Amino acid sequence: ELYSSARLCLSRKEYDEAMRLLSKSIEMSSHFKTLELLGACFQHVGDASSALACFRKAHQLNPRSSKTAFLYALSLHDSGDSDSAREILD
């Protein structure tokens with residue numbers, strides 16, 4: 001329910017509330033999709049380092065997800081770490 005509510009908040013551009021709900025959800029159980037969504041929220045509010053941390057952890061939880069790998073690699077690239085981004089996508 002927290003995840004669904006957070007997705008709704010994100011669609012309404014209510015980033016602070018979405019981040020609050022997602023953080024609470026992660027406290028109860030860390031899931032890669034929740035971390036992806038939290039990373040997206042951090043990107044929307046301009047917190048690139050927190051977004052990168054979320055995408056990194058999401059990738060660690062599910063390294064087989066191509067979407068997670070892409071988000072992590074893109075975040076690495078945006079932070080200036082193109083070499084690591086390429087390694088993630090290889």
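Note that the structure is a prediction, hence the values are computed from the model and not measured. For the single chain, residues carry numbers from 1 onward in sequence order.
Panel note: side chain Arg20, backbone Asp16; no donor-acceptor pair is recorded below 3.5 Å.
Clustering ILVMFWY residues whenever any of their side-chain heavy atoms sit less than 4.5 angstrom apart, transitively, puts Phe70 in a cluster other than the one holding Leu61. Note on Phe32 and Tyr72: separate hydrophobic clusters, where clusters join Ile, Leu, Val, Met, Phe, Trp and Tyr whose side-chain heavy atoms are under 4.5 Å apart, directly or indirectly. Transitive grouping of hydrophobic side chains (ILVMFWY, heavy atoms separated by less than 4.5 Å) brings Tyr3 and Phe42 into a common cluster. One hydrophobic cluster, built from ILVMFWY side chains closer than 4.5 Å, holds both Leu37 and Leu35.
Nearest heavy atom pair, residue Ala51 against residue Ser75, reads C-OG, 4.2 Å. Considering every non-hydrogen atom in both Leu8 and Ser11, the closest pair reads O-OG, 2.7 Å. Across all non-hydrogen atoms, the minimal contact from Ala6 to Leu21 is N-CD1, 3.8 Å. Here the closest heavy-atom approach between residue Ala85 and residue His77 is recorded as CB-N, 3.9 Å. Across every non-hydrogen atom of Leu89 and Ala69, the tightest pair is CD2-O, 4.0 Å. Between Ile88 and Leu76, the shortest heavy-atom distance links the atoms CG1-CD1, 3.8 Å.
In this structure, Tyr15 and Gln43 have side chains that are not in contact, with every pair of non-hydrogen atoms separated by 4.5 Å or more. A heavy-atom distance below 4.5 Å is found between the side chains of Ser30 and Lys57. Counting heavy atoms from C-beta outward, Thr68 and Phe55 have side chains that stay 4.5 Å or more apart. Two residues are said to be in side-chain contact when any heavy atoms from C-beta on lie closer than 4.5 Å; Leu2 and Ser5 fail this criterion.
In this model, no donor atom of one side chain and acceptor atom of the other lie less than 3.5 Å apart for Asn62 and Ser65.
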